[in-house]
Asker: 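My questions will all concern the structure given below.
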Amino acid sequence: MAQDLFQAPDYYQLDDLLSDEHKLVRSAAREWVKREVTPIIEEAAQKALFPKQILKGLAEIGAFGPFIPAEYGGAGLDQMSYGLIMQEIERGDSGIRSTTSVQSSLVMYPIWKFGTEEQKQKYLPKLASGEIMGCFGLTEPNHGSNPGGMETRYKDMGDHYLLNGAKMWISNAPFADIAVIWAKNEEGRVHGLIVERGMDGFSTPETHNKWSLRASATGELIFDNVKIPKKNILPGKSGLGAPLMCLDSARYGIAWGAIGAAMDCYDTALRYAKERTQFGKPIAAFQLQQKKLAEMITEITKAQLLTWRLGVLKNEYRATPAQISMAKRNNVDMALHIAREARQILGAMGITGEYSIMRHMMNLESVITYEGTHDIHLLITGMDITGIPAFK
Ligand code: TGC
Ligand code: FAD
């Protein structure tokens with residue numbers, strides 16, 4: 001890929017709303033992405049390989065469990081910092097942000113919130129340093145938007161649990177050392193369990209032929225009479241609300257991340273439009289191209305404001321799940337729209353790996369589907385404002 005000339009747009013001077021620490025954290029992540037992600041990401045995506053060599057660097061910039069307290073190896077940062085790190089990483093690639101979101105919000109978060117002290121001591125420091133990696137199994141072949149219908153079950157066998165079932169579309173599954181998975185007990189109540197690679201009957205086949213999120217490894221989790229030690233259950237919370245709380249944290253990070261992808265597309269398109277000449281003029285001089293660019297920066301600015309406010313609410317423990325849904329839905333849709341418009345500004349060059357835009361566009365097709373589809377988040381807003389659930 002060409003040299004990384006990224007300059008972050010800040011049309012409404014939102015930097016004034018950030019603390020020095022926020023800017024420092026963001027700058028470390030931004031520089032790291034320029035140095036370590038940009039040079040390798042295009043080839044990784046083309047070859048559909050997860051670039052494992054970046055894990056150490058992700059840990060060093062505090063991307064694994066930014067909000068986890070330092071006593072468990074986390075960076076002990078606030079939610080605004082978490083969001084800014086996700087923004088910068090997704091500016092590089094949504095697949096890398098996926099790996100990071102899963103590790104932080106879907107693996108470390110449930111262990112921290114619902115785990116025993118022994119589980120926290122055992123897993124969190126190693127997850128924070130990237131020594132071990134995790135994945136999160138909620139979706140099943142027959143239950144995506146409706147996780148409450150899950151069929152994966154565990155039985156109490158006295159000295160252990162016996163786990164059977166399958167999860168599908170699981171980010172990090174092919175290489176994860178542990179899986180935080182959600183299964184029903186004999187009474188039909190959902191609980192979280194920690195499954196470790198190497199347990200008999202546990203396998204993680206990789207999902208191939210993706211056109212999207214190619215630099216992220218996706219797979220299945222298959223449980224065939226897996227014996228789970230009783231100490232591996234997460235005792236702090238049961239019911240579907242437990243995995244959904246994890247999703248709230250991840251969806252919040254995605255709301256920020258999508259802005260990163262949008263900023264990269266906008267910045268690339270703006271630079272290209274000023275440099276590319278047709279009919280004796282830079283294409284940026286044509287009203288049609290200016291309309292696209294002006295609308296992009298308007299939408300990015302609106303998303304930045306929405307998300308900054310969400311960060312403030314999240315820091316104050318006042319952000320509701322429905323507010324998070326609104327931001328995830330709006331920002332991912334905004335980013336996908338900008339990616340499509342930006343690609344057109346680049347003409348034929350837009351379809352090549354010389355520029356990041358097409359990769360962002362393809363990635364965002366997954367981002368708009370996972371962690372709750374575009375439709376599901378709309379229904380969550382609908383339920384919130386009317387009081388009537390329209391899912392069923
Ligand atoms: P419903 O009856 O409404 O709720 C069941 C219980 O959960 C509580 N709850 C929540 N709690 C916290 N946060 C939320 N966002 C919550 N939403 C609901 C609710 O209060 C209730 O609690 P209780 O105590 O009364 O039992 O559930 P439902 O079965 O009607 O489903 C509602 C629905 C459709 C909104 C929900 O299930 C949903 O969000 N579906 C989308 C599924 C989804 O997002 N899957 C994501 C899988 S993980 C993933 O995609 C990772 S990608 C990672 C990456 O690579 O970045
Ligand atoms: P479905 O639920 O079958 O939905 C299909 C269509 O029907 C969608 O357009 C949807 O909006 C619509 N629909 C469904 N229900 C309704 C309704 N009530 N009203 C109106 N429309 C409706 N899951 C994990 O657990 N862990 C992971 O790490 C993970 N990583 C992923 C990585 C990738 C690359 C992808 C693509 C997915 C990942 N997922 C993961 C799964 C993801 O969360 C699901 O794909 C998502 O929740 C949607 O489920 P589904 O694909 O089964 O679609």
Side-chain angles (χ1 to χ4, degrees), residues 48 50 86 89-90 93-107 109-110 113 133-150 152 166-174 176 179-183 188-190 192 204 206-221 237-258 319-326 328-329 332 362-384 387-392:
F50 173 69
M86 295 300 111
I89 294 175
E90 192 146 3
D93 189 78
S94 305
I96 310 297
R97 198 270 308 131
S98 266
T99 291
T100 320
S101 298
V102 169
Q103 183 88 340
S104 299
S105 285
L106 301 182
V107 178
Y109 175 89
K113 281 284 168 191
M133 294 298 296
C135 66
F136 174 90
L138 182 64
T139 306
E140 299 189 350
N142 296 326
H143 303 281
S145 298
N146 176 25
M150 71 176 69
T152 300
K167 300 287 175 180
M168 198 174 174
W169 296 114
I170 308 304
S171 301
N172 297 358
V180 169
I181 70 101
W182 302 90
R189 184 88 183 151
V190 173
T204 61
E206 183 156 3
T207 303
H208 294 289
N209 294 331
K210 290 180 302 169
W211 282 110
S212 171
L213 230 63
R214 288 171 63 81
S216 161
T218 314
E220 295 167 58
L221 303 175
K237 187 168 170 70
S238 65
L240 194 58
L244 288 171
M245 277 175 68
C246 308
L247 296 185
D248 292 336
S249 178
R251 290 165 176 174
Y252 167 78
I254 291 172
W256 279 95
T320 66
Q323 286 168 337
I324 294 170
S325 280
M326 181 185 280
K328 191 269 183 183
R329 180 176 187 274
V332 178
M362 308 276 267
N363 283 341
L364 289 162
E365 290 291 346
S366 284
V367 183
I368 205 164
T369 293
Y370 67 34
E371 297 274 3
T373 66
H374 193 60
D375 297 329
I376 289 295
H377 288 297
L378 178 118
L379 294 177
I380 290 171
T381 305
M383 178 172 72
D384 196 48
I388 308 166
F391 305 106
K392 297 168 192 169

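Numbering of ligands and ligand atoms starts at 1, following listing order.
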Asker: Provide the closest heavy-atom pair for P174 versus T218 in the form atom of the first, atom of the second, distance.
Answerer: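 Scanning both residues completely, I find the closest heavy atoms to be CG-O, 3.6 Å.
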
Asker: At a 4.0 Å cut-off, with the gap strictly under it, does some heavy atom of C135 reach an atom of ligand 2?
Answerer: no

Asker: Please test E90 against L364 for side-chain contact (heavy atoms from CB on, under 4.5 Å), starting from the C-alpha separation and ending with a verdict.
Answerer: CA-CA 10 Å; E90 192 146 3; L364 289 162; 4.1 Å; yes

Asker: Below 4.0 Å, non-hydrogen atoms only: which portion of L379 touches ligand 2? Side chain, backbone, both or neither.
Answerer: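 Side chain only.
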
Asker: Please tabulate, one pair per line, all N/O donor-acceptor pairs under 3.5 Å involving side-chain atoms of residues 239-246, not counting sequence neighbours.
Answerer:
none

Asker: Indicate yes or no: at least one non-hydrogen side-chain atom of E371 is less than 4.5 angstrom from one of L106.
Answerer: yes

Asker: Looking at atom 14 (C) of ligand 2, what's its closest protein heavy atom, distance included?
Answerer: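 Its nearest protein heavy-atom neighbour is S145 OG, 3.6 Å.
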
Asker: Using a 4.0 Å cutoff against the non-hydrogen atoms of F136, which atoms of ligand 2 qualify?
Answerer: 24 (C), 25 (O), 26 (N), 27 (C), 28 (O)

Asker: Could you find the nearest protein heavy atom to atom 36 (C) of ligand 2 and give me its residue, atom name and distance?
Answerer: S366 OG, 4.0 Å

Asker: Atom 16 (C) of ligand 2: which of I170, I376, D375, T207 has the nearest heavy atom?
Answerer: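 It is I376 that holds the nearest heavy atom.
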
Asker: Does the protein place any heavy atom closer than 4.0 Å to atom 1 (P) of ligand 2?
Answerer: yes

Asker: Verify the distance criterion only: is there a donor paired with an acceptor across the side chains of Y370 and S98 at less than 3.5 Å?
Answerer: yes

Asker: Check each N or O atom of ligand 1 against all protein N or O atoms and list the pairs under 3.5 Å, with atom names and distances to 0.1 Å, one per line.
Answerer:
| residue | atom | partner | partner atom | Å |
| --- | --- | --- | --- | --- |
| ligand 1 | 7 (O) | G241 | N | 3.4 |
| ligand 1 | 13 (N) | D248 | OD1 | 3.4 |
| ligand 1 | 13 (N) | D248 | OD2 | 2.6 |
| ligand 1 | 15 (N) | D248 | OD1 | 2.8 |
| ligand 1 | 30 (O) | K392 | NZ | 3.2 |
| ligand 1 | 39 (O) | R251 | NH2 | 3.0 |
| ligand 1 | 40 (N) | S145 | O | 2.9 |
| ligand 1 | 44 (O) | R251 | NH2 | 2.7 |
| ligand 1 | 44 (O) | G372 | N | 2.9 |
| ligand 1 | 50 (O) | E371 | N | 2.8 |
| ligand 1 | 55 (O) | S98 | OG | 2.9 |
| ligand 1 | 55 (O) | S171 | OG | 2.8 |
| ligand 1 | 56 (O) | R97 | NH1 | 3.4 |
| ligand 1 | 56 (O) | S98 | OG | 3.4 |
| ligand 1 | 56 (O) | Y370 | OH | 3.4 |

Asker: If we set the cut-off at 4.0 Å for heavy atoms, which region of S171 has an atom near ligand 2: side chain, backbone, both, or neither?
Answerer: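 The part of S171 near ligand 2 is both the backbone and the side chain.
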
Asker: N172 and G134: which non-hydrogen atoms are nearest, and at how many Å?
Answerer: ND2-O, 3.1 Å

Asker: So do the side chains of R251 and H377 get within less than 4.5 Å of each other, counting heavy atoms only?
Answerer: yes

Asker: Please identify which atoms of ligand 2 are closer than 4.0 Å to at least one heavy atom of L213.
Answerer: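 In order of numbering, the contacting atoms are 34 (C).
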
Asker: Within a strict 4.5 Å, meaning less than it, do heavy atoms of the K210 and M362 side chains meet?
Answerer: no

Asker: Which protein non-hydrogen atom lies closest to atom 23 (N) of ligand 2, naming both residue and atom, and how far is it?
Answerer: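 For this ligand atom, the closest protein heavy atom is T139 OG1, 2.7 Å.
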
Asker: Can you report which non-hydrogen protein atom sits closest to atom 39 (N) of ligand 2, along with the distance?
Answerer: W169 O, 3.0 Å

Asker: What protein heavy atom lies closest to atom 33 (C) of ligand 2? Include the residue and the distance to one decimal.
Answerer: Y370 CD2, 3.6 Å

Asker: Do you know the tightest heavy-atom contact between F391 and M383?
Answerer: CE1-SD, 3.7 Å

Asker: Is there a side-chain contact between E140 and T152 (heavy atoms, below 4.5 Å)?
Answerer: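 Touching, per the 4.5 Å side-chain cut-off.
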
Asker: Looking only at heavy atoms, what is the nearest atom pair of L213 and N363, with distance?
Answerer: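 Heavy atoms only, the tightest pair is N-OD1, 2.9 Å.
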
Asker: Pick from L247, I324, V367, I368: which one makes a side-chain contact (heavy atoms from CB on, under 4.5 Å) with I254?
Answerer: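 That would be V367.
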
Asker: So S212 and S366, side chain to side chain donor-acceptor pair (under 3.5 Å) or not? Walk me through it.
Answerer: CA-CA 6 Å; S212 171; S366 284; 2.7 Å; yes

Asker: With heavy-atom distances below 4.0 Å as the criterion, list the atoms of ligand 2 near F391.
Answerer: 18 (N)

Asker: For atom 25 (O) of ligand 2, is some protein heavy-atom partner under 4.0 Å away?
Answerer: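 Given the 4.0 Å cut-off, atom 25 (O) of ligand 2 counts as touching protein heavy atoms.
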
Asker: Of the protein's non-hydrogen atoms, which lies at the shortest distance from atom 48 (C) of ligand 2, and what is that distance?
Answerer: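 Answer, as residue, atom name and distance: T373 CG2, 3.8 Å.
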
Asker: Measure from atom 5 (C) of ligand 2 to the protein's non-hydrogen atoms and state whether any distance is below 4.0 Å.
Answerer: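 Answer no: nothing from the protein, no heavy atom, is under 4.0 Å.
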
Asker: Give the residue, atom name and distance (to 0.1 Å) of the protein heavy atom nearest atom 46 (C) of ligand 2.
Answerer: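 Answer, as residue, atom name and distance: T369 O, 3.5 Å.
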
Asker: Suppose we measure from atom 50 (P) of ligand 2 to each protein heavy atom; which comes out shortest, and what is that distance?
Answerer: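 The answer is G144 CA, 3.9 Å.
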
Asker: Residue-level breakdown please: for E371 versus ligand 2, do any non-hydrogen atoms fall below 4.0 Å on the side chain, on the backbone, on both, or on neither?
Answerer: backbone

Asker: How far apart are the closest heavy atoms of K328 and G372, and which atoms are they?
Answerer: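 Reported closest heavy-atom pair: NZ-O, 2.9 Å.
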
Asker: Kindly determine whether W169 and T207 satisfy side-chain contact (heavy atoms from CB on, under 4.5 Å), including the steps that lead there.
Answerer: CA-CA 8 Å; W169 296 114; T207 303; 4.0 Å; yes

Asker: Using a strict 4.0 Å cut-off to heavy atoms of L138, name the atoms of ligand 2 that fall inside it.
Answerer: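 This gives 25 (O) as the contact atoms.
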
Asker: For M133, look at atom CE and say whether over 12 heavy atoms of other residues, nucleotides or ligands are found less than 6.0 Å away.
Answerer: yes

